Amino acid sequence: MKIVVCVKQVPDTWAEKKLDASKTLDRVSVDNILNEMDEFALEEALQMIAAHSGTVTVLSMGPDSATEAIRKALSMGADGAIHIVDDALKGSCAAVTSLVLAKALERIGDYDLVISGSEASDARTSVVPAMLAERLGIPQVTFVNKVEVDPAAKTLKANRITDDGYQVVEASLPAMISAVEKMNEPRYPSFKGIMAAKKKPVETLSIADLGLEADAVGLSGSWTKVNDSADRPPRSAGTIVEDEGNGGAALVDFLASKKFV
Amino acid sequence: MNETSSIVALPLVESDEERAIRDAVRTCALRYGHDRFIDAARRGESPTELWDSLAAGGYLGVNIPEAYGGGGLGLRELCMVSEELAAAGCPLLLLLVSPAIAGTILTRHGSPIQRERWLPGIGAGTSKIVFAITEADAGSNTHRIATTARRDGEDWVLNGAKTFISGVNEADAVLVVARSGASAPGAPGQLSLFLVDAGAPGLQRTVIPTALDAPELQFTLFFDNVRVPGDRLVGAEGDGLRIGFDGLNPERLIAASICTGTGRYALERACTYARERQVWSAPIGSHQGIAHPLAEAKMALELARHTMQRAAALHDAGLPAGEACNMAKFAAAEAGMKCVDQAIQTHGGNGIALEYGLTSLWWTVRLMAIAPVSREMILNYVAEHSLGLPRSY
């Protein structure tokens, strides 16, 4: 099997996220990590090739510093990586991101499966996997927490999480799936994996390599634009329910008023 | 060697790989977690799952030569592994004895057969070897070691007792320092090193109850005519003290890393608490009475870490590192205690509540001011060897 895992470098989950002067996310003054949800995607891919043999290629779009996230993915066991890095990409929206990733996947060719995390912890749009599948013209199964592939039959069967439960979905390969949290337990890199990661091939591509013009990507090419932003207001004081023998009822009233029950 | 050693340098910035090693070990230890670690220790159980996942990742043998399946690096890297474990609240004393002491001694002095037999297991974490040198009547004075090894045909027969031997409950074998020469105690050059199976007939052990919340228990060992095959003598007969010393620098380094890691753990907890805890108009961390001692502890910690890293670099380069390792252990133990003590103080009454997870590591850092070599013996060493002052004892 040839599996491509899309990964993104994001600010550390607990870091305070700020916008810079261009109203895009400040990725310079924070610690950056491999998007946690993508680790589930990668782990799933690694388990699949352990069971069915094949290769895992990591695909990432991001600034130079994204190399760190790519190295982590390689140290976990991916075979090689493609890093799309170009100053023109800064500020790309989800639609443009999916365009760039689609061009890269067309260049890679003959993949059986594309896996990504179901969302990145910074932008949290969750739409890139669906847009990417649409651009590639392949089946998409998003929000997956369990998947089985049959490489010989070129099919997959997945549990797709919904608000009410889950759907069991079958698709033909090649296909795109997006992984939810707790799909598996991502391995941590082994010592030998870390030492080997530097020797693994990382191909760096510019947007010109993908046949894209600068004005088709980045802030200028984006379909959406951030006009304004405000910090989240500080959390307001909670409601204190005094228990004078009616605590339970008061609590239920409070929950009902918030439509929790 | 001389050419290389003359340019031994201490990198001030860690490489990508080194940061990745720290990150992986930290992830692994945090996943296991301090609370579970301490629960296991208090129940007398081993943190097997933590040990096994570190072993699977190849982190327990980073200093074992690649030819024996290890990582082929040195104490610098083993210190990183140990420090990250402690910084996540899961210090492993067993690293200090098995890969550090036994791994170094066997790599440098083991016969080819001994290296083949033991090093792959130490590196993979499947064999654990502990170290027995201390005796009740000898203490810091190794010349008074009274456990004897007597030749009997092809074998050796060991008699005597050892005390404060860590982790025998988890060990496959014990590296024992015993008097093999016929001369009276006090005469130098008469000690030898033996690899004794932990379950050897005649070897009995008794737990010494201690205040430590650590999975590695402390033992008194009794050797009653313990028969050891001749091929279990490590290095030359009578060379045990010199060979044993090669294990002591790694021991001091890992002891130091346990303290610096625990110091980091304590400071992280203290600062999280001081940023959030508020009883008057501002978080307590804004009060200099709280902030300054934490800042001082932080500086002591970083100074100790630099001293430790320098000592590890000297050791790994094969250069004399006794002074540097002693200073590193001393500085790290003092800094570790300062950090944990100040973290407890910062927490007020909560500092001694078990759920805040600070008292659980106090005795581990406190121990390191006593073992593997006491604060006072290091002061003696520095006074005598670094400053040229008259020997005081």
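Everything quoted here is computed from the prediction, not taken from an experiment.
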Quiz prompt | Within 6.0 Å of CZ in Phe254(A), more than 12 heavy atoms from elsewhere | solution = yes
Quiz item: For Arg310(B), does the CZ atom have more than 12 heavy-atom neighbours from other residues, nucleotides or ligands under 6.0 Å away?
Solution: no
Exercise. Count the heavy atoms of every other residue, nucleotide or ligand shown that sit under 6.0 Å from CD of Gln47(A), and state whether that count exceeds 12.
Key: yes
Quiz item: Hey, is Arg71(A) close enough to Asp16(B) for a salt bridge, meaning N to O under 4.0 Å?
Solution: no
Quiz item: Atom CE of Met195(A) and atom CD of Glu17(B): how far apart are they, to the nearest 0.5 Å?
Solution: 5.5 Å
Self-check item: Backbone of Phe191(A) reached by a side-chain donor or acceptor of Tyr59(B) within 3.5 Å
Solution: yes
Quiz item: Taking everything shown except Glu36(A) itself, do over 12 heavy atoms lie less than 6.0 Å from its CD?
Solution: no
Quiz item: So, for Ile194(A) and Ala24(B), which heavy atoms are closest and what is the spacing to 0.1 Å?
Solution: CD1-CB, 4.3 Å
Practice problem: Please check if atom CG in Asp31(A) has more than 12 non-hydrogen atoms from other residues, nucleotides or ligands closer than 6.0 Å. | Solution: no
Exercise. Drop me the distance from Lys72(A)'s NZ to Thr27(B)'s OG1, to the nearest 0.5 angstrom.
Key: 5.0 Å
Quiz item: Between OH of Tyr188(A) and CG of Leu54(B), what distance do you get to the nearest 0.5 Å?
Solution: 5.0 Å
Exercise. With rounding to the nearest 0.5 Å, note down the distance linking NZ in Lys198(A) to OG in Ser15(B).
Key: 6.5 Å
Quiz item: Measuring from Ser75(A):OG to Ile21(B):CD1, what's the distance to the nearest 0.5 Å?
Solution: 10.5 Å
Quiz item: Does Gln278(B) CD have over 12 foreign heavy atoms under 6.0 Å away?
Solution: yes
